[in-house]
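What follows is one structure encoded as C-alpha cells, with my remarks underneath.
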Protein chains: 2
Amino acid sequence: MSEAGHIAGAPRASLLGTALDNLGRQIAGARYAEGDTLPIEPRLAEELGVSRSTVREAVRALVALGMLEVRTRTGTRVRPRRNWNILNRDVLDWLISDGSPDTGLLAAIDEAREVFEPKAAAFAAERASDAEIAAIAQAYDDMRDAARTGDIGAAVIADRAFHLAILAATANPILEAFDTAIDAVLGLLFKVATADHEQSFRENLANHGRILDAIRNRQPDAARDAMIDTIHYTRGNLRKHVLEAPRPVEEVRS
Amino acid sequence: MSEAGHIAGAPRASLLGTALDNLGRQIAGARYAEGDTLPIEPRLAEELGVSRSTVREAVRALVALGMLEVRTRTGTRVRPRRNWNILNRDVLDWLISDGSPDTGLLAAIDEAREVFEPKAAAFAAERASDAEIAAIAQAYDDMRDAARTGDIGAAVIADRAFHLAILAATANPILEAFDTAIDAVLGLLFKVATADHEQSFRENLANHGRILDAIRNRQPDAARDAMIDTIHYTRGNLRKHVLEAPRPVEEVRS
DNA sequence: GTGATCCAATTCATCAGATGAACCAGACAT
DNA sequence: ATGTCTGGTTCATCTGATGAATTGGATCAC
C-alpha cells in the first residue's frame, strides 16, 4: 500500500538497499550518536518509507556489522564506534565518502598503510605467482599510460589496482582484509583528482616501477623500501588535497 | 505453529541467533562451497526450523558480512572467501573455533601479528594515555599472578587482555580492527592450555614486562623490539599446540 | 540452422497483520 | 527497605499474500 520506491526519479536499488544505506549513513554521520536509541521499528519503517520487515532486515545487517545492538523492550541502540567493523566496505563508505569525510579516520588509514604495505610488498616479492605478478605489472602499465596521456583519474584507478594487486599477492587473507581501506582512500583521492596532481603522479610512477621490479626480481627488502617511498609520496597528495582541504568539495572555477 | 525452539533442553539464544550461527557455520565449514547456491528460502526455513522471515534476516546478516549474495530468480550464492569480512568476530569464529580450525588462517593471523603488533607497541609507547598504560599494566599484573599460581587459563586470558590493551592505545581505529584476529588466536590457545604451557608462559612473561616498561618509559623502539620477541615466543606455542596438533581436541588423561 | 523476440515459471522483494516473549518500571505487600 | 507482582512497551516470530525481476526456453522470422 505504501507509495515509497519512487524517491528521486531513479528507481535505483532495492528498497532494502536504500533503506540500509540511509540508516547506515545516518548513524555514521552521527545523526544518532553512540548509545542513542533508534526510533521503534514501526516508526523507523515510517521514516524510511518501507515496511517493518524491511526495516528489520536493514537493522539486522547493521547489527552484523557491529553498529547496532537490539534488545527486546530496550530498543535498538548505536554501539560504540570501536565495535564497528570499520574495514567493511559499506561502513567505510558511510564514514568516508560522505559529504564530510572523517579526516581522523583517513589519517589513521594513511598511517596504517605504512604499517602494512611495505611488508605486504615484501611478501609479494617472495610469493607472488606469475599471474599475480602479471596483474601488478598490468596495473603499472596502466598507470604509466594514464600518466603519459595526462588522465589523472585513470592514473588513480590504476594506482589503486596496483596496490590491491600487491595485497592480493601476499597470500595472507588477514593482510588482504586491509584492501577496503586502501580502496577507500584512493577512491577518495580519485574524486578530488585534478590536473594539479599530474606532476606528483609522474614522479611517483618511478617509485611504483621500483616496487614492480623488486617483486619481479624476488627482492623483498627492495620491494619494502620502494613501497615506503611510494606511500610517503601519496601521503603528500592526501594531506594536501583531502586532509587540509579548507572547505568541502566545491566547484573550482577560474 | 512451528515446533522449533526446544532443540536441546536449553532454549538458549533467539531463533534468529541460532539460525544465523548454524548457517554461518555451515558456509564456513564448506558444506556450501564458494559459488554454491543455497536452497530456496522456504526450504532453508524448513531446514533451519524457522520461518522465512527469520531466514531472510539471517541471510541479510551474512550478505552484510560479504559471505552471501542474493539475487532474484538466481537465488542465494556463497561468495568467494576473499570477499568475506574475515575480521568480523562471528566470521572468524565460524572459521576457527569450529571443530576443525582453519590452520592456514591461523598461520596467516600469526604472520600478520608480526606485521602490525610491533608497530602498535611503538605507537602505544608514543601515545598511550595514563589510563591506557594502567590497563596494560593491569593485564601484565594479572599475567604475572596467574603464572605464579600456575593458572594457565587465566594467564592466557590476561595475555590476550595485554595485547588488546596495547592495540587500544594506538589511537588508530584501523589497527584496532585487527583485535578480533588476536582475540581469536589467543582464545583458541586458551582452549588448549595445559600445564605443559607453564614453562613457556613464565619465560614469555619477561618479554611482556619489557614491553610494558618500554611503553611506560615512552621508548617506541624498545617496545617494538620486545613485542617482536614476544610474538616469536607465542608463535612457538601456537605451532606446537595448535598448528601441529596431531588430532583434534582430546581429553588428556594420565 | 540461426538469431531475435517474447512468454512463462521461478525466486526473491515487500508488505500487512497477528500473536508471543522478554523485559523494565512502578505498585504493592511485607 | 526489600522482595514480589503486574502491567505496558518493544522486539521476536510466524503466516499468508502479492509484486517485481530475471532466466530459460519456446516461438517465429529469415
Side-chain angles (χ1 to χ4, degrees), chain A residues 1-7 9-24 27 32 35-79, chain B residues 1-7 9-24 27 32 35-79:
Chain A
M1 225 49 60
S2 78
E3 297 287 334
H6 50 60
I7 303 115
R12 206 177 328 232
S14 64
L15 290 182
L16 171 60
T18 54
L20 174 56
D21 208 59
N22 285 338
L23 197 48
I27 296 170
Y32 302 109
D36 276 7
T37 300
L38 266 54
I40 66 176
E41 289 175 351
R43 175 147 194 76
L44 254 187
E46 198 181 328
E47 290 186 8
L48 294 171
V50 295
S51 76
R52 194 176 146 235
S53 318
T54 303
V55 165
R56 283 185 59 81
E57 290 185 23
V59 167
R60 208 38 68 185
L62 295 173
V63 168
L65 296 175
M67 295 178 72
L68 295 177
E69 72 183 339
V70 40
R71 291 190 320 186
T72 301
R73 164 78 204 198
T74 307
T76 305
R77 256 182 303 168
V78 178
R79 296 183 69 194
Chain B
M1 224 47 65
S2 80
E3 297 287 334
H6 50 59
I7 304 113
R12 209 178 325 237
S14 64
L15 290 182
L16 170 61
T18 55
L20 173 57
D21 208 60
N22 285 338
L23 197 49
I27 296 170
Y32 301 109
D36 277 6
T37 300
L38 265 54
I40 65 176
E41 289 175 351
R43 172 145 196 77
L44 254 188
E46 198 180 325
E47 290 185 7
L48 295 172
V50 295
S51 76
R52 198 179 143 232
S53 320
T54 305
V55 165
R56 282 185 60 82
E57 291 186 22
V59 166
R60 209 38 69 185
L62 294 173
V63 168
L65 296 176
M67 295 178 72
L68 294 177
E69 71 182 340
V70 40
R71 292 191 318 187
T72 301
R73 165 79 202 198
T74 306
T76 305
R77 257 182 301 168
V78 179
R79 296 182 68 194

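Per chain, numbering begins at 1; letters A, B, ... match sequence-line order.
Panel note: side chain A:T18, backbone A:S14; a donor-acceptor pair is recorded below 3.5 Å.
How far CG of B:D21 is from CG of B:L16: 10.5 Å, rounded to the nearest 0.5 Å. Between B:L38 atom CG and B:L62 atom CG the span is 8.5 Å, to the nearest 0.5 Å. Considering OG1 of A:T76 and CG of A:L44, their distance stands at 7.0 Å, rounded to 0.5 Å.
In this entry the distance linking CD of A:E41 with P of C:dA16 reads 15 Å, nearest Å. Straight-line distance from the CZ atom of A:R77 to the C1' atom of D:dC11: 14 Å, rounded to whole Å. In this structure, B:L15 places its CG atom 18 Å from P of D:dC11, rounding to the nearest Å. The separation between B:L16 atom CG and C:dA21 atom P is 17 Å, rounded to whole Å. Here C:dC12 presents its P atom at 13 Å from CZ of B:R43, a figure rounded to the nearest Å. Between the P atom of D:dT13 and the CD atom of B:E46 lies a distance of 19 Å, rounded to the nearest Å.
Listed pair A:T54 / C:dC15 meets the phosphate criterion, a side-chain N or O lying under 4.0 Å from OP1 or OP2.
Looking at every heavy atom in both residues, A:T74 comes nearest to A:T37 through O-CG2, 4.0 Å. Summarising the geometry of A:I27 relative to A:M67, their closest heavy-atom pair is CG2-CE, 3.8 Å, with the distance given to 0.1 Å. When all heavy atoms of B:V59 and B:L23 are compared, the closest pair comes out as CG2-CD2, 4.2 Å. For the pair B:A64 and A:A64, the tightest heavy-atom approach, listed with the atom from each and the gap, is CB-CB, 4.5 Å.
Residues A:T76 and A:S53 each lie close to DNA chain D; by heavy-atom proximity, the contact nearer the 5' end of the strand is made by A:T76.
Residue pairs meeting the salt bridge (Lys or Arg N to Asp or Glu O under 4.0 Å) criterion with at least one member in residues 52-70 of chain A, sequence neighbours excluded, are A:E41-A:R52, A:E41-A:R56, A:R56-B:E57, A:E57-B:R56, A:E57-B:R60, A:R60-B:E57.
Comparing C:dC15, D:dC11, C:dT14 by their closest approach to the side chain of A:S14 singles out C:dT14.
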A correct 5'-to-3' footprint of nucleotides 18-24 of chain D, with B, S and - meaning base, sugar-phosphate only and no protein heavy atom under 4.0 Å, is --BBBBS
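Residues from residues 56-64 of chain A that place a heavy atom under 4.0 Å from any atom of DNA chain C: there are none.
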